[in-house]
K.L.:
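Just dropping this structure here.
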Protein chains: 2
Amino acid sequence: MTPSWIEKFPGLTKLNPQLAKPLLEASKVVRLPAGTRIFGPGQAPEAYLLLIEGSVRVQQVSETGREIVLYRVVGGESCALTTACLMGYEEYQAEGIAETDVEAVAIPRSTFDELIATSAEFRRFVFTAFSQRITNLFRLIEEVAFARIDVRLAQRLLEIADKNGHLALTHQQLAAELGTAREVVSRQLNEFQRRGWVVTSRGAIDIVKRDGLAHLASAP
Amino acid sequence: MTPSWIEKFPGLTKLNPQLAKPLLEASKVVRLPAGTRIFGPGQAPEAYLLLIEGSVRVQQVSETGREIVLYRVVGGESCALTTACLMGYEEYQAEGIAETDVEAVAIPRSTFDELIATSAEFRRFVFTAFSQRITNLFRLIEEVAFARIDVRLAQRLLEIADKNGHLALTHQQLAAELGTAREVVSRQLNEFQRRGWVVTSRGAIDIVKRDGLAHLASAP
DNA sequence: GCCCGGTCTGTGACCAAGTCACTCCCTGTG
DNA sequence: CACAGGGAGTGACTTGGTCACAGACCGGGC
């Protein structure tokens, strides 16, 4: 009866079945292809989204064209924050982009409001997502303001690499991850390569000495 | 009947009187002297706070001792975010400090939960505060990552100055506002002074040519 | 195969900002 | 009045971002 998607959201499985029913009826599963711009200046989603599968990148683009990735929303997480932002308050120019094919539950606004009103569980779910996101933003601010770029790059490489230590990203894309310039990434990667930690090739990087990166990433 | 403080919160004045009553009964007004650390690593408030009067500075302190001001909560605003953060999710090490004597309404958690559950108005109030805060954090990230330090300093001087263009801040404090180093602020202020925009003295700055700063603050 | 555009990467020179190690100065206190 | 301690100035140096290039690689068309 309960569709499989709800299993992805531990915070929701305890929902009173009486409440879960209208939620399940009113919401529908949507699929978006990789590359879709889910929201951004000039585009806004019409419903609250819970991500079942896939990854959404939320990034800020400055007037001068530089970019920085603010965070990612992945399967099992709520997009409530971005959505609430969009509906709730003033204009801002961050954008959300599907990095992979994305499967999500779209909850109409009225249903969302009703759930918030009636379910303590649902409220906890939404508030927790909010808090978590803000904690992450605080951390990001600290990193951007105070952390060295080589440390941040090492961290990001470890985060993004697949389990074989492979990344399919250009230097430009990595620079956008960190909010820095392409040349800076190139120089740092050369240095990492010189130390034997990575091997770079056109549009891809392979980590060959995880320890080196991990050591740099973890400290001074 | 309605105590004066509720007038400070336009979002709450429409509260159903039936709901406002328990709110008013359960909450109490607290006063904190300037300098009080309201929350931070090792200290957390036990109740939700609505600020009636005064200003609370929320700042991040890095391991290396550098600081950056994340935002301020001023009279008429909700501290819900910081509070929710504290209760909601994992540890983080931002701290909130009363910059002036502060008068606030403390709402016990149970009352808060009840209000959230029963009042759409109250929910709107809380969510709006959340959204607004996140929008500000996005802006801050963009500034820290991409904006020039002279532009940011000019903006901050204009923001903080009283209506006579006077600021009672040390260079060190200004550096903490922006998340930069004292020497950098000193150098920039010297430059501003050379251009005849400000006059500096020990522990204080006076803006004498607002236009100059405003022009720098607004662009390139 | 070969050419050709577009994208990706490397490089050096330069500028902006942060760090370090001082110094001097001002001010309030004993 | 001397002195301690915080506030501010300064020069040398490092790190990171910008600019202007020059190659290198890749796919498509012929």
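Here is how names work: the chains are called A, B, and so on, in the same order as the sequence lines, proteins then strands, and each is numbered from 1. From a predicted model like this one, the values you see are computed outputs, not experimental measurements. Atom set for the values below is all heavy atoms of this structure, side chains included, hydrogens, waters and symmetry mates excluded.
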K.L.:
Please check if any side-chain donor atom of A/T200 sits under 3.5 Å from a side-chain acceptor atom of A/Q193, or the reverse.
P.N.:
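Distance-only check passes for A/T200 and A/Q193.
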K.L.:
Rounded to the nearest angstrom, tell me the gap between atom CD in B/E183 and atom P in C/dC22.
P.N.:
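It works out to 14 Å between those atoms.
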K.L.:
Between B/E191 (CD) and D/dA8 (C1'), how many Å, whole number?
P.N.:
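Roughly 17 Å, once rounded to whole Å.
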K.L.:
Judged by atom type as modelled, is there a donor-acceptor pair below 3.5 Å linking the side chain of A/Q173 to the main-chain atoms of A/T170?
P.N.:
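Yes.
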K.L.:
Looking at DNA chain C, which of residues 152-159 of chain B put a heavy atom within less than 4.0 Å of it?
P.N.:
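Output list: empty, so none.
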K.L.:
Quick one: what's the B/S/- string for nucleotides 25-30 of chain C, heavy-atom cutoff under 4.0 Å, read 5' to 3'?
P.N.:
BBS---
K.L.:
Give one of base, sugar-phosphate or nothing for B/T64, where a contact means two heavy atoms less than 4.0 Å apart.
P.N.:
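Answer is nothing: B/T64 stays at 4.0 Å or more from every strand.
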K.L.:
Can a donor-acceptor pair be found, under 3.5 Å and without considering hydrogens, that links the side chain of B/R66 to the backbone of B/G179?
P.N.:
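Confirmed, B/R66 side chain pairs with B/G179 backbone.
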K.L.:
Quick one: A/Q188 CD to C/dG10 P, roughly how many Å, whole number?
P.N.:
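Checked: the CD to P distance equals 13 Å.
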K.L.:
Examine the base of D/dT18 for any acceptor or donor lying under 3.5 Å from a partner atom in the side chain of A/R187, and report the outcome as yes or no.
P.N.:
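Yes, the side chain and the base share a sub-3.5 Å donor-acceptor pair.
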K.L.:
Take atom CD1 of A/I149 and atom P of D/dT14, then tell me their distance rounded to the nearest Å.
P.N.:
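Atom CD1 in A/I149 sits about 20 Å away from atom P in D/dT14.
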K.L.:
With rounding to the nearest 0.5 angstrom, report the CG to CH2 distance, B/L213 to B/W197.
P.N.:
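Reported value, rounded in 0.5 Å steps: 6.0 Å.
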K.L.:
For the CG atom of B/L169 and the NE2 atom of B/H171, what is their distance to the nearest 0.5 Å?
P.N.:
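The NE2 atom of B/H171 is 9.5 Å from CG of B/L169, to the nearest 0.5 Å.
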K.L.:
Would you check if the side chain of A/N164 reaches a backbone N or O of A/H166 as a donor-acceptor pair within less than 3.5 Å?
P.N.:
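Side chain of A/N164 to backbone of A/H166: no pair is present.
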K.L.:
Could you state the atom-to-atom distance from CG of A/L216 to P of D/dT15 in whole Å?
P.N.:
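From A/L216 CG to D/dT15 P: 13 Å.
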K.L.:
Is there a side-chain contact between A/S186 and the phosphate of C/dT9, meaning an N or O under 4.0 Å from OP1 or OP2?
P.N.:
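No, A/S186 has no side-chain N/O under 4.0 Å of OP1/OP2 on C/dT9.
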K.L.:
In whole angstrom, what separates B/I205's CD1 from D/dG7's C1'?
P.N.:
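Those two atoms, CD1 and C1', are 12 Å apart.
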K.L.:
Could you check whether any side-chain N or O of A/D101 sits under 3.5 Å from a backbone N or O of A/P33, counting only pairs where one atom can act as donor and the other as acceptor?
P.N.:
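It does not hold such a pair.
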K.L.:
Using heavy-atom distances to pick each residue's nearest nucleotide on DNA chain D, tell me which of B/G203 and A/V184 is more 5'.
P.N.:
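Whichever sits nearer the 5' end wins; that is B/G203.
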K.L.:
Nearest 0.5 Å, what's the CZ-CG distance between A/R133 and A/L70?
P.N.:
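Taking CZ in A/R133 and CG in A/L70, the distance rounds to 10.5 Å.
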K.L.:
Is the backbone of A/S131 close enough, under 3.5 Å, to the side chain of A/T135 for a donor and an acceptor to pair up by distance?
P.N.:
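Pair found, side chain donor or acceptor close to backbone of A/S131.
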K.L.:
Using heavy atoms and a sub-4.0 Å distance, could you list which residues of residues 166-182 of chain B are near DNA chain C? By number, please.
P.N.:
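Contacting residues: B/T180, B/A181.
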K.L.:
Report, as yes or no, whether the 6.0 Å neighbourhood of atom CZ on B/R124 holds more than 12 heavy atoms from other residues, nucleotides or ligands.
P.N.:
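Counting other residues, nucleotides and ligands, CZ of B/R124 stays at 12 neighbours or fewer.
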K.L.:
CZ of B/R194 versus P of D/dT10: gap in Å, rounded?
P.N.:
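After rounding, the reported distance stands at 13 Å.
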K.L.:
Within 45° of the axis and under 6.0 Å from the centre of the six-membered ring of B/Y48, does NZ or CZ of B/R109 qualify?
P.N.:
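Geometry flag: not set, cation outside 6.0 Å or 45°.
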K.L.:
Can you see if the side chain of A/R66 gets near the phosphate of D/dT18 - specifically, an N or O under 4.0 Å from OP1 or OP2?
P.N.:
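Checking A/R66 against D/dT18: at least one side-chain N or O falls below 4.0 Å of OP1 or OP2.
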K.L.:
I'd like to know whether the aromatic ring centres of B/F130 and B/F125 sit less than 6.0 Å apart in this structure.
P.N.:
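Ring centres of B/F125 and B/F130 not closer than 6.0 Å.
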K.L.:
Under 4.0 Å: is that the gap between some side-chain N or O of A/N190 and OP1 or OP2 of C/dT11?
P.N.:
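Checking C/dT11 against A/N190, a side-chain N or O does come within under 4.0 Å of OP1 or OP2.
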K.L.:
Provide, to the nearest angstrom, the distance between the CG atom belonging to B/L189 and the P atom belonging to D/dG9.
P.N.:
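Between P of D/dG9 and CG of B/L189: 8 Å.
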